[in-house]
Amino acid sequence: MLKAVNDRLIIKPDKVKHGRIIFTNIEKNIVNQGVVQSVGDKVTWAKAGDKVLFHCFDELPLPQDDLVVIREKSLLGKITK
């Protein structure tokens with residue numbers, strides 16, 4: 001498992017759903033929400049398991065498991081039920 005460092009978060013982006021079709025087109029920056037998988041020790045605003053919105057142009061895609069890395073300042077908000 002990857003561990004985020006400093007002010008970074010590792011996020012698993014959601015898949016965009018339109019009717020019965022599921023789009024997983026992360027490369028085209030369609031998805032800007034997901035679930036936090038890991039947080040660095042300087043992150044104060046989110047924790048693992050939180051569903052968050054993030055700025056889609058600040059992400060760094062990782063080659064495994066469709067994960068992305070962002071800085072805490074790129075978070076736009078938390079999604080609550």
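These numbers come from a predicted model, not from an experiment.
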Task: pair I11-V52: side-chain heavy atoms closer than 4.5 Å - done: yes
- [ ] Could you pull out the closest heavy-atom pair between D66 and P13, with the gap in Å?
- [x] O-CD, 3.0 Å
Open item on the list: When you measure from the side chain of E72 to the backbone of W45, do you find a donor-acceptor pair of N or O atoms at a distance under 3.5 Å?
Closed with: yes
TODO: Answer yes or no: is there a side-chain heavy-atom contact under 4.5 Å between L53 and I79?
DONE: yes
TODO: Calculate, to the nearest 0.5 Å, the distance between atoms CG and CZ belonging to L60 and R71 respectively.
DONE: 10.5 Å
Open item on the list: Taking K51 first and then D14, would you say they form a salt bridge - that is, a charged N and a carboxylate O separated by under 4.0 Å?
Closed with: yes
Open item on the list: Apply side-chain contact (heavy atoms from CB on, under 4.5 Å) to residues L9 and F54 and explain how you reach the verdict.
Closed with: CA-CA 11 Å; L9 298 95; F54 56 93; over 6 Å; no
Task: Pairwise distance CD1(I70) to CG(L76) - rounded to 0.5 angstrom - done: 8.0 Å
Open item on the list: With rounding to the nearest 0.5 angstrom, report the CD1 to CG distance, I10 to L2.
Closed with: 4.5 Å
Exercise answer: donor-acceptor pairs, residues 36-43 side-chain atoms, under 3.5 Å, sequence neighbours excluded:
from	atom 1	to	atom 2	distance (Å)
Q37	NE2	V35	O	3.3
S38	OG	A4	N	2.9
D41	OD1	N6	N	3.3

TODO: Apply salt bridge (Lys or Arg N to Asp or Glu O under 4.0 Å) to D50 and list each qualifying residue two or more places apart in sequence or on a separate chain.
DONE: K47, K78
